There are 4 protein chains.
Amino acid sequence: MGQNKKKLSGVFAPVVTPFSSDELALDDLRFNLRKLNETDLAGYLVLGSNGEFKSLSNKEQIRVLEVFAEEKGNKVVLVGTGCESTRQTIEKSKLAFKMGFDYVSIITPNYFAKHIDGATLQRYYTQIADSIDIPVLLYNVPGFAGGVTIPPQTVLDLSKHPNIVGMKDSSPTGPAKFLSCLDPAEDFHVLAGSANFFYPSLHLGAVGGVLSLANSLPDPCCNLYRLFTQGKYNKAKELSFRLARLNQAVSGSWGVAGAKAAMDIIGFKGGQPRHPLQGLTAQAIKQIKQAIINEGFMSA
Amino acid sequence: MGQNKKKLSGVFAPVVTPFSSDELALDDLRFNLRKLNETDLAGYLVLGSNGEFKSLSNKEQIRVLEVFAEEKGNKVVLVGTGCESTRQTIEKSKLAFKMGFDYVSIITPNYFAKHIDGATLQRYYTQIADSIDIPVLLYNVPGFAGGVTIPPQTVLDLSKHPNIVGMKDSSPTGPAKFLSCLDPAEDFHVLAGSANFFYPSLHLGAVGGVLSLANSLPDPCCNLYRLFTQGKYNKAKELSFRLARLNQAVSGSWGVAGAKAAMDIIGFKGGQPRHPLQGLTAQAIKQIKQAIINEGFMSA
Amino acid sequence: MGQNKKKLSGVFAPVVTPFSSDELALDDLRFNLRKLNETDLAGYLVLGSNGEFKSLSNKEQIRVLEVFAEEKGNKVVLVGTGCESTRQTIEKSKLAFKMGFDYVSIITPNYFAKHIDGATLQRYYTQIADSIDIPVLLYNVPGFAGGVTIPPQTVLDLSKHPNIVGMKDSSPTGPAKFLSCLDPAEDFHVLAGSANFFYPSLHLGAVGGVLSLANSLPDPCCNLYRLFTQGKYNKAKELSFRLARLNQAVSGSWGVAGAKAAMDIIGFKGGQPRHPLQGLTAQAIKQIKQAIINEGFMSA
Amino acid sequence: MGQNKKKLSGVFAPVVTPFSSDELALDDLRFNLRKLNETDLAGYLVLGSNGEFKSLSNKEQIRVLEVFAEEKGNKVVLVGTGCESTRQTIEKSKLAFKMGFDYVSIITPNYFAKHIDGATLQRYYTQIADSIDIPVLLYNVPGFAGGVTIPPQTVLDLSKHPNIVGMKDSSPTGPAKFLSCLDPAEDFHVLAGSANFFYPSLHLGAVGGVLSLANSLPDPCCNLYRLFTQGKYNKAKELSFRLARLNQAVSGSWGVAGAKAAMDIIGFKGGQPRHPLQGLTAQAIKQIKQAIINEGFMSA
């Protein structure tokens with residue numbers, strides 16, 4: 001098994017950024033990481049969507065990265081470094097490399113969505129991967145990227161670049177279309193970006209997943225991956241259904257605010273998202289708690 | 001295994017309607033059915049999207065149904081009967097029942113897409129299922145239905161109706177979201193509506209698929225289902241990838257015109273779609289042929 | 001002024017089809033037409049979206065047309081004849097001609113929306129216009145047509161066909177993009193399909209409008225057109241705002257059901273839409289009534 | 001006429017940011033501003049979409065602002081200051097105030113598009129407008145903002161805030177829906193964000209426009225506004241058509257790269273957009289030049 005495949009296999013938590021009165025709450029972040037370090041998680045994604053990276057200043061992003069550098073334990077760390085311009089993304093990726101992280105996960109540029117086609121993305125990712133020493137994961141997430149999606153042929157072409165080693169796919173359809181096109185000879189690995197399609201993606205060759213729910217329920221998420229690797233498919237299917245339904249009730253309905261509320265319920269430090277997003281109402285929190293109980297991940 | 005589950009398990013061909021000079025070519029339809037009758041297909045969908053039902057007059061639709069009544073062999077037959085109004089759909093469904101077919105597959109009404117919400121769909125399908133004696137399959141296909149999609153909760157509610165026995169899902173995401181919500185105690189069965197997600201859907205509990213490619217390549221489609229039921233997952237995955245890629249090159253790129261061109265290449269009678277759709281250019285046909293060869297379903 | 005321009009100038013009502021217990025209520029239709037005949041409306045659109053043509057059987061459509069043939073008074077009548085196939089549309093258009101109506105308004109085919117491009121639409125409308133003797137209006141309505149929209153270049157090309165004399169545009173952006181492209185030398189006329197953009201479209205050269213609100217409030221709609229033709233732009237702007245806001249509260253919020261409720265409130269016979277659509281709740285009707293009062297079209 | 005109305009009336013150029021070998025080319029910016037200062041433009045939008053603000057680092061943004069502070073002449077200057085979080089936007093807006101600019105134009109936050117509803121936007125803009133001393137313009141541009149659009153009711157509510165004095169609308173439908181809802185008693189002013197609907201918006205009460213074409217063709221854009229104010233509507237309509245068609249051939253087809261190419265053709269310093277966007281091919285530039293000639297804005 002290639003080094004990248006080994007490091008990318010399993011479940012990653014796209015770690016949230018806690019705030020207190022709209023200020024960074026880095027002690028809460030340390031608290032969460034120390035608890036997560038004790039789980040079977042393969043690693044972390046820092047400065048991802050759930051990390052509200054777009055709502056952090058440059059300085060704040062560096063402070064968050066510093067906490068990860070100190071608290072990452074033995075986990076593999078992916079850093080979200082995608083900006084709107086090639087040069088910004090390169091600069092941020094170089095910083096991630098310098099700080100000792102393992103991979104960068106680079107969202108598609110998207111402000112000028114109408115003009116970001118396959119050729120543009122090909123040029124973008126190639127130029128970046130040529131310029132940096134840290135291995136690159138493509139990040140495909142049309143829902144956060146104004147509808148921009150990487151065409152399968154572009155993924156196939158980019159997968160041959162020696163420094164582009166995988167992708168995270170969070171499109172609503174899941175990575176089936178990419179997995180069917182990839183050349184198995186390449187050291188290129190796909191992570192499913194949602195509990196909605198994590199389990200079936202494993203059957204198609206995905207090596208792991210970046211699951212919002214892994215912030216609050218890392219053990220069931222890791223258990224699903226383990227059941228799959230052990231060939232216990234019926235149990236895996238049932239657990240997948242429970243996690244998918246819960247994911248819909250948490251992140252599907254409420255986004256980052258829901259992920260953070262679930263953390264608070266379970267005993268992590270989630271808190272509220274940064275303005276203009278808001279924390280949930282008491283009623284919404286109650287619904288999430290009930291959903292966690294209903295799916296059997298907590299006792300009433 | 002319930003009677004419906006047994007009858008709905010496996011691969012169905014959404015049979016195309018052949019034309020000659022824009023007129024119904026029923027002899028070509030008979031030719032195709034006789035060849036398909038010799039395969040392991042579970043059955044047929046008649047008057048579906050691939051059957052260009054919206055381009056047929058009422059009289060033509062009846063003539064097509066008559067051919068199926070005569071030529072269906074021992075296959076299970078699903079009839080597409082969805083119209084824009086409840087009364088039209090009931091009338092057409094009653095005809096399907098009277099002619100001895102097995103199921104009706106009912107597309108969501110969609111002309112007033114903005115106003116077709118879950119409550120409207122609940123009322124629509126319930127009123128129909130209450131009024132007819134032939135069992136009902138929901139048909140969810142936002143791509144042909146102006147974006148209308150049945151909410152998972154509505155599917156769950158409708159699945160409890162004794163005369164609603166399943167659904168065909170052709171949404172781009174596939175039926176994962178429905179399968180995770182269904183009550184396994186109900187006799188309700190899900191068919192995947194595309195080779196893109198047929199194989200992973202089987203791992204989630206789908207009982208079969210309605211696959212456009214089954215018009216031209218029924219044997220590989222049936223083989224994929226067989227490999228799954230035999231637990232030969234690696235072989236199944238590889239075959240699924242080949243079919244998914246081919247499906248993209250045929251129906252994904254060219255719609256019904258592509259499905260018909262593939263039939264002509266393989267030895268069925270596809271012909272051209274009805275105006276304003278057009279048959280493919282010689283170059284596009286050549287591309288499809290090459291894709292069939294590349295995926296190993298035909299020798300060069 | 002060309003004959004078509006003269007006939008197409010002003011306000012048209014897209015006449016609703018009344019039902020009673022889900023059956024055609026043709027006496028109610030007669031009642032409405034006789035009242036509308038006394039207004040300054042330029043004419044009627046029959047079997048349009050507001051006429052729920054997709055929910056009527058062929059026989060019912062003919063019965064509706066027969067009522068119009070008898071009751072149309074001196075109004076210009078446009079008939080919606082667009083079907084999914086070229087041959088069906090031609091057949092229905094020939095019937096409209098035979099029955100003595102003035103124009104056919106032909107919606108874009110759209111079931112296979114992804115494959116209905118400019119070239120297909122060019123071929124579709126040309127083939128139809130070549131085959132019939134009644135003049136053709138293009139009908140562009142992406143919201144009811146699965147997102148299909150006629151490209152401006154296609155409109156420009158089709159505008160040169162001697163039997164294609166205009167278009168009705170109900171796209172959310174309004175017909176500005178078409179009006180800026182048309183060749184003023186051609187006898188081709190644009191009708192705005194919504195009170196949302198009727199008034200500004202007149203400033204760009206539209207000759208009239210097909211306004212849902214003309215079913216219930218024909219006089220204010222005609223008054224807006226008159227104020228424009230008289231150059232009373234400030235008054236026209238204010239009236240346009242009142243009608244646009246009311247249109248949002250009626251058809252924008254509730255579709256055909258709203259248009260029918262407004263008719264009942266004003267003294268026409270609207271009734272309920274056909275299933276699966278439903279009539280409005282008492283509360284929604286009250287809101288519509290209040291909106292009519294607020295905008296000054298009825299006393300409290 | 002209120003002070004804001006006076007300052008916001010007329011045509012604004014959303015000034016592009018020139019680059020040379022992907023580095024800021026501030027001398028080119030000075031060159032452009034000095035030429036534009038001699039026109040009748042009402043003012044400038046700096047750090048807008050055409051300014052590629054998302055592709056500039058914080059330091060680069062400040063350097064651009066410094067050039068505007070020096071070179072703005074007697075023009076009114078709007079600064080784009082919208083970020084993803086409330087606090088970032090406030091900070092950037094305070095800087096704009098401190099540097100002596102006139103207005104901030106604040107795009108909707110949109111990374112978590114699904115969760116940015118009317119209430120969130122209401123809270124967002126209110127909190128910002130409460131915190132800063134520079135007057136605020138809302139900026140509604142679903143095409144660059146992942147589909148987020150400000151609901152008309154939210155615009156109406158925000159228009160009553162003493163420090164929210166207007167909006168720039170670049171939605172495809174244009175600002176008709178907003179203009180019809182606004183309270184004429186408020187000092188709230190609407191700028192049309194596209195030549196596609198600038199002229200009809202003036203008839204509905206818009207006070208001016210922010211027009212991409214004003215970077216290359218400021219005089220015709222100003223002339224259109226003048227013709228409107230003089231009541232020369234036929235000439236205005238014809239000029240509006242020419243500008244709308246050209247706008248489609250330039251920014252509509254090619255975005256910022258097109259706007260910059262048109263500048264180079266006319267004699268401004270446009271250059272290339274920043275990577276991953278690219279400059280146009282020689283053929284595309286030739287097409288744009290031909291379109292400018294065809295519309296009569298340049299001799300062949």
Side-chain angles (χ1 to χ4, degrees), chain B residues 19 21-24 49-50 52-60 83-92 107-117 119-128 141-148 251-258 273-278 280, chain C residues 19 21-24 49-50 52-60 82-92 107-117 119-128 141-148 251-258 273-278:
Chain B
F19 299 102
S21 307
D22 231 35
E23 296 285 344
L24 275 187
S49 302
N50 275 279
E52 294 172 74
F53 76 101
K54 285 254 187 178
S55 293
L56 302 179
S57 71
N58 287 344
K59 284 182 187 169
E60 290 174 326
C83 300
E84 205 55 44
S85 73
T86 309
R87 62 187 288 138
Q88 287 168 298
T89 302
I90 290 172
E91 189 183 340
K92 204 165 159 186
I107 192 173
T108 53
N110 54 74
Y111 189 73
F112 298 112
K114 199 177 138 190
H115 297 285
I116 307 293
D117 56 11
T120 303
L121 292 169
Q122 174 99 20
R123 211 164 54 231
Y124 177 70
Y125 284 110
T126 301
Q127 201 173 341
I128 291 165
V141 60
F144 289 156
V148 171
S251 293
S253 301
W254 305 106
V256 175
R274 197 165 238 186
H275 291 302
L277 295 185
Q278 274 196 316
L280 301 189
Chain C
F19 299 101
S21 307
D22 230 35
E23 296 284 344
L24 275 187
S49 302
N50 275 280
E52 294 173 74
F53 76 103
K54 285 254 187 175
S55 293
L56 302 178
S57 71
N58 287 345
K59 283 182 189 169
E60 289 174 327
C83 300
E84 204 56 42
S85 73
T86 308
R87 62 189 287 140
Q88 289 168 297
T89 302
I90 290 172
E91 189 182 340
K92 203 164 160 188
I107 192 173
T108 53
N110 56 75
Y111 189 72
F112 298 111
K114 199 177 137 189
H115 298 284
I116 307 294
D117 56 10
T120 303
L121 292 169
Q122 174 99 22
R123 211 162 57 231
Y124 176 72
Y125 284 111
T126 302
Q127 201 173 341
I128 291 165
V141 60
F144 290 155
V148 171
S251 293
S253 301
W254 305 106
V256 175
R274 198 165 236 186
H275 292 301
L277 295 184
Q278 274 195 315

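Everything numeric in this text was worked out from a predicted model, so none of it was measured.
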Here the gap from W254(B) atom CH2 to K114(C) atom NZ, rounded to the nearest 0.5 Å, amounts to 10.5 Å

Cut-off 4.5 Å, heavy atoms of chain B, and the answer for Q122(C) is neither

side-chain contact (heavy atoms from CB on, under 4.5 Å) filter on H275(B), not counting sequence neighbours, yields D22(B), T86(C), Q127(C)

Okay, Y125(B) and chain C: the region with an atom under 4.5 Å from a heavy atom over there is neither

Here the gap from R87(B) atom CZ to E60(C) atom CD, rounded to the nearest 0.5 Å, amounts to 5.5 Å

Under 4.5 Å to a heavy atom of chain B? For N110(C) that would be neither

S49(C) meets the side chain to side chain donor-acceptor pair (under 3.5 Å) criterion, sequence neighbours left out, with Y111(B), Y139(C)

Bottom line for L277(C): the part with an atom under 4.5 Å from chain B's heavy atoms is both

Turns out that what part of S253(C) lies under 4.5 Å from chain B's heavy atoms comes down to backbone

Candidate pair R274(B) and Q88(C), rule side-chain contact (heavy atoms from CB on, under 4.5 Å), full reasoning: CA-CA 11 Å; R274(B) 197 165 238 186; Q88(C) 289 168 297; 5.7 Å; no

Going by heavy atoms in the side chains, are K54(C) and F112(B) under 4.5 Å from each other?
-> no

So, the part of V148(C) with a heavy atom under 4.5 Å from chain B: the answer is neither

Output for pair (L56(C) CG, S85(B) OG), nearest 0.5 Å, gives 8.0 Å

Under 4.5 Å to a heavy atom of chain C? For I107(B) that would be side chain

